[in-house]
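Below, chain A is the first sequence line, B the second, and so on; all start at residue 1. The structure presented is a predicted model; accordingly, all values stated were derived computationally and were not measured.
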Amino acid sequence: MEIKLLSEHYDKPEFQGLDGYKKLGGYEPLKKAFQMQPKAIIEMVKESGLRGRGGAGFPTGVKWGFLPDNGEPRYLLCNADEGEPGTFKDRLMMERAPHQLIEGMIISAFAVGSHKGYIYIRGEYNEPTAILQKAIAEAYDAGLLGKNILGSGFDFDLDVYQGAGAYICGEETGMISSLEGKKGQPKLKPPFPAVQGYLGKPTIVNNVETLAAVKYIIRDGADGYRKHGTEKSAGTKLFSVSGNVMKPGTYEVPLGYKLMDLINIECGGLKPGRKLKAVIPGGSSAPVLTAAECADATMDYENLAQKGTMLGSGAVIIIDDTNCMVDMLKVILHFYHHESCGQCTPCREGTGWLHKIVSSIYSGTGRLQDIDLIQQVADHMAGKTICALSDAAAMPAVSFVQKFRSEFEFYVREGRSKVKGAVDAQV
Amino acid sequence: MSIVKKPGAIANWYLPGIFAGMWFTLVTMIRNIFNQDKMITKNYPEDKYEYSPRFKGNHVLTVKKDGSLRCTACMLCATACPADCIKIKASEHENPAVEKYPISYEIDILRCVYCGYCEEACPVDAVRMGPEWQTPGLAGTNFSYDIQHLAYRAQLKGGVLSRVDDEERHKAGI
Amino acid sequence: MPKCKINGQEVEVEAGTTIIEAFKKLDSEIAHYCYHPGLSVAGVCRLCMVEIEGNPRLQIACNTVVQDGMVINNNSEKVKETVKWGLDFHLINHPLDCPICDQAGECELQIQYMKFGQYDPEMAEPKVKKNKVVDLGSKIVLDSERCILCSRCVRFTEEVSKTNELGIFNRGDRSEIGTFDGKPLENDYAVNTVDICPVGALTSKDFRFRQRVWYLKNKETVCPGCSTGCNVKSYYNEEGLFRVKPRQNDEVNGYWMCDKGRDTYKFVNKENRLLEPKVGQSGQWDSQEVDGVMSVMSTKIDDAVKSAGSDKVALVLTGQYTSEEYASMLSYFVGHLKSKNVYHWVNNPESFDEFDGLLLRGDRNPNTKGLLNGLDQHGITAPWSDLETKLNAGDIEVLLVAGPEDPSVFPTLTEKVSLFSKAKNLFWMSAAKTEAADSATTKTWQIPLKTYAEKEGTFVNHKGIEQKIQPMVNIVDCAQTLSEVASALSGQKVDHLGSLVKDRKTNHFINHHGGGL
Amino acid sequence: MAFSQETIEFIKKECQRYETRRSAILPCLYRAQKEDPNNQVTPEAVAEMATLMELPEVQINEVLHFYTMYNKKPVGKLHVQVCTNISCSMNGGREMAEHLCKEFNVNYEEVSSDGRYTISRVECLGSCDTAPMMQVNDKYHENLTKEEAVKLLKDM
């Protein structure tokens with residue numbers, strides 16, 4: 001069953017504006033937060049078990065705790081550079097409930113003691129940007145942003161910054177580089193952004209959904225939030241379901257929800273006559289699950305990690321039996337080849353190499369040893385670079401080749417896809 | 001070890017040996033006159049031996065399809081040369097695709113030991129050991145072969161085409 | 001100070017030292033491209049991977065600080081395999097250009113492949129094509145295909161020269177180094193990017209295609225271009241010098257040198273040299289033998305001293321010679337001739353004290369300090385104007401001038417020669433062949449001197465640091481050092497460093513054929 | 001082409017807006033692109049920006065070439081960007097792009113002869129539930145078929 005926290009009022013157009021938002025309980029948690037000590041808020045977020053919703057799933061409260069106490073100005077950045085193929089949950093939130101994000105950000109800024117925040121939004125999102133900007137202007141007018149917010153003595157300025165089309169800016173240090181007006185190339189860690197981030201100052205970067213969820217943790221309390229989800233994966237999560245299902249879209253379900261239920265109940269199942277072949281459960285960088293593995297998969301960090309994949313950004317891509325896996329992998333690797341920032345050699349050269357190998361298989365000139373080569377190249381890319389983009393390219397490559405090896409071998413031997421062959425045979 | 005035999009008494013009397021020798025010469029001469037194609041010796045310089053294509057004779061610089069030198073002036077031949085007989089001067093070519101080419105390439109053929117290392121060292125089949133071996137000359141300078149001689153001498157009839165083709169290499173992605 | 005163990009060897013380092021620096025301290029081999037001690041850490045080549053006990057992930061040595069008790073190795077199978085693949089990633093799109101690449105022979109890709117790689121390449125697909133032979137300015141040519149994007153050059157223009165000409169454009173494996181149109185790589189330190197380029201992507205126009213590097217020998221010496229006295233390596237063969245590269249000395253020049261200093265090999269070579277002694281004036285010159293000129297000089301000086309006193313003889317020195325040469329020349333003048341008629345010729349008084357903030361100084365002589373020390377020791381304080389007055393009054397019978405080694409740093413050479421021409425006899429000692437000297441209007445003897453590449457000695461830089469130079473190759477056989485001139489004049493036999501020798505044979509055979517490969 | 005007065009004002013204002021002047025590069029490049037008749041950022045514009053912003057040209061140029069949303073080549077009046085990433089290509093995004101090219105007789109990334117269309121294939125635009133989709137200039141058009149897409153573009 002869907003449990004709607006963040007997406008509760010998505011269907012109400014008035015939720016976009018400040019008045020409608022306030023009527024539906026908006027900015028009440030903020031007042032509550034101002035009654036609390038910032039440390040207490042951080043503790044509460046820690047207790048709630050909220051984990052980063054952007055992909056890595058790092059506990060949010062713990063991240064906030066890393067900030068050094070050195071009196072330097074701190075920045076709170078919202079990562080709205082939603083680039084992972086298959087993900088579109090944040091766009092929906094920014095379009096339907098911009099104030100939810102703004103409120104979450106004010107609370108979070110209060111908690112971490114930051115007085116300046118940026119929402120880094122991807123360049124293609126023109127509409128959400130306009131909506132956000134309008135909402136921010138409304139908030140400034142209502143005294144919800146700027147100096148002495150709601151008489152609490154707390155100052156917070158918020159600005160929107162548009163990216164310009166680079167997936168890598170979704171990586172937190174890449175985003176910081178981009179915000180500094182440089183190429184969006186990730187920075188070496190250590191130092192971590194919490195210590196030296198934007199302009200060398202302590203910086204917290206959180207996903208849109210994470211920041212918005214903070215509001216609900218304040219509203220319901222840590223226990224109230226925890227009652228959704230599982231022991232280790234607390235709360236609800238927005239899942240962007242796309243691909244070959246009847247009703248693709250964004251669905252909010254508690255973590256630990258059954259994957260098959262998500263497909264069959266929320267999304268209305270597959271198209272008639274089609275069979276489930278594979279599911280990518282966490283955006284294109286997550287290793288793929290076969291139909292058999294999907295049967296008992298639940299959508300939480302632990303279960304998916306057990307199955308060798310990850311929850312990622314919650315982008316569930318459903319692949320049915322009309323799709324050729326060689327083709328799918330080619331599309332995915334083209335993406336990573338296109339988006340590699342070019343800094344670290346293994347990723348810069350490896351993504352291109354992988355794409356070339358799969359393309360040559362796809363065009364019928366592949367060799368059988370290329371299939372093993374894909375695995376070898378991917379193995380030596382993963383974990384060898386500054387950021388996780390090379391892992392993101394390597395993981396699907398390895399999983400596709402491992403789990404659908406027969407399809408790749410068929411393609412190399414016959415020079416055509418097994419899928420079409422199978423369809424032909426049925427006809 | 002050879003065994004030295006003491007010459008016998010007949011051998012000391014040498015005239016029969018001389019006649020035997022002259023008889024052999026006479027018979028061979030007559031046979032050669034009537035049987036010229038079976039003759040072992042050749043009428044050099046009108047007649048020349050056909051050498052095996054693998055014969056390592058005088059150097060040839062190969063050319064590209066457009067007739068320009070294949071040599072890229074990498075100087076690997078000069079480096080490999082044990083006799084130190086190859087001198088190359090490189091320069092920047094106006095065509096950026098060529099980049100580097102020799103403005104002078106000289107082989108001091110009198111120093112050359114015909115080892116063939118230059119041919120082996122060449123990465124682009126630019127220098128080969130050709131079939132010619134005659135190196136007559138009247139002065140020392142005649143034995144210092146320059147580009148004109150190495151690549152375009154009359155015997156080569158406009159140059160020997162290199163097996164390494166840039167276009168094909170580019171197509172193959174090298 | 002933290003202690004760590006590297007490949008089983010214990011080492012103690014300063015706090016804050018990175019692992020790669022600890023490796024360097026131990027002289028332990030570690031593969032790397034992007035790390036350069038004079039630049040910030042980029043951490044992009046991913047080759048300096050090390051295994052740290054207790055950490056399942058391999059770490060890069062250039063960005064990991066040594067902690068006390070760390071146990072580090074880079075010789076486990078895991079690391080070796082990673083480095084091998086790291087090299088493979090570097091090489092898959094690297095063209096097979098080595099035959100025409102100037103870097104071949106000193107290329108880090110070649111060196112490190114032989115040390116750490118030696119795998120069979122698996123790449124079967126076509127390589128990425130990029131721009132070749134890109135003109136980056138008057139000094140440097142770029143080949144993007146060869147570039148491994150280590151970003152050293154970009155960091156150099158950002159951090160050291162602070163001129164920001166280079167950038168990396170595009171992304172992924174389409175990334176290319178480049179300049180912005182209309183803002184070429186033209187700064188006084190640009191050629192350093194060629195030195196730090198680990199591959200043949202950046203090549204110096206000056207050196208391009210002139211020699212294969214394995215034909216060149218090198219010796220450590222000191223740049224004579226200015227009073228900074230950058231520590232350099234000169235590359236030469238029997239024909240002469242071909243290039244100059246900086247070598248590290250944190251006290252003097254760090255890792256860099258300026259492009260003006262790189263030109264200092266040129267005046268050493270034959271085409272710019274005075275090849276034999278000659279006598280004459282106003283463009284009319286006759287060849288002479290060294291010994292003959294020396295005895296003429298000796299006689300002229302003796303005559304002048306005898307007839308009119310040692311005041312009629314003067315010596316002009318520039319800051320271009322070694323301290324040893326100054327010492328012998330000055331002791332001849334002060335000790336032998338009892339004359340303090342020695343003058344310091346400052347080549348460019350207007351810009352003499354300039355400094356560009358990095359290395360290049362306005363005093364374009366290597367040993368001004370050495371000369372001043374020498375003059376000080378002998379209590380010589382005569383100002384330049386004295387000499388001018390005397391010359392204008394016709395008071396100088398014999399004038400000895402130790403002229404420029406590098407005439408390009410003497411902007412007022414012609415005026416000075418015409419001033420010197422007011423002496424009755426001019427002995428012009430210089431390594432360089434100059435039109436200015438040839439235009440002397442008084443009776444002049446030109447005597448070829450040795451350059452810094454042909455002699456031993458000491459330069460004292462602006463800070464007072466004494467640095468040795470050493471001979472590499474003889475370009476002009478009959479060239480003399482000032483010490484040799486001084487000894488010939490005083491009738492003593494001294495070696496080129498000024499110490500007395502009994503008998504010295506010159507072996508012309510060695511001079512002609514020595515220095516071969 | 002020199003910038004208009006408003007753009008110059010805009011650039012100067014943006015330079016003040018962020019903590020560092022460099023941060024203003026991205027928004028200013030957007031502005032420069034918008035002002036260009038061919039909807040691109042030319043080297044001249046970069047040079048002018050560099051003088052206005054007092055930054056080295058190369059820093060701006062690096063940014064320009066890194067991000068895909070700045071056009072380095074002329075672009076038609078309607079810049080049609082068809083998503084061909086995984087969800088869209090499962091639902092016919094690639095075929096749609098192909099079809100548009102044929103329909104308007106233009107190659108990818110080129111301007112059609114009437115100067116109206118430039119069709120490019122792009123990576124995920126974050127609208128996977130409504131695949132296939134395309135972005136025309138600033139606006140998303142979702143849940144398309146080949147025919148609908150052609151009609152939509154012709155009507156614009």
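Stacking of A:R91 on the aromatic ring of A:F88 is not recorded, the 6.0 Å distance cut-off and the 45° axial limit not both being met. Taking the ring axis of A:Y75 as reference, the NZ or CZ atom of A:K116 does not stay both within 45° of it and closer than 6.0 Å to the ring centre.
Most heavy-atom pairs under 4.5 Å with chain A: of the set D:I86, D:T84, D:I60, this distinction falls to D:I86. Considering only heavy-atom pairs separated by less than 4.5 Å from chain A, the leading option among D:I25, D:V63, D:L64 is D:V63. No other option in A:A315, A:G249, A:P248 has as many heavy-atom pairs under 4.5 Å with chain D as A:P248. Between chain D and the residues A:G83, A:S284, A:G163, A:S240, the most heavy-atom pairs under 4.5 angstrom are made by A:G163. Taking A:L199, A:D90, A:I332 one by one and counting their heavy-atom pairs under 4.5 Å with chain D, the maximum is reached by A:L199.
With a 4.5 angstrom heavy-atom cutoff, D:Y18 touches chain A via backbone and side-chain atoms both. Heavy-atom distances place both the backbone and the side chain of D:N85 under 4.5 Å from chain A. For D:R94, the part lying under 4.5 angstrom from a heavy atom of chain A is the side chain only. Proximity to chain A involves both the backbone and the side chain of D:E19, based on heavy atoms less than 4.5 angstrom apart. Within the 4.5 angstrom heavy-atom criterion, only side-chain atoms of A:K271, from C-beta onward, approach chain D. Heavy atoms closer than 4.5 Å to chain A are found in both the backbone and the side chain of D:S127.
Remark: aromatic rings of A:F335 and A:Y167 are close, center separation under 6.0 Å.
Under the 3.5 Å distance criterion, the side-chain polar atoms of A:E82 are matched with a main-chain donor or acceptor of A:K89. Not a single donor-acceptor pair under 3.5 Å links the side chain of A:D327 to the backbone N or O of A:N323.
Under the 30°/60° scheme for interplanar angles, the aromatic rings of A:Y198 and A:Y118 are found to stand perpendicular. Between D:Y70 and D:Y67, the ring planes are perpendicular. Angles over 60° get that label, and only those under 30° would be called parallel.
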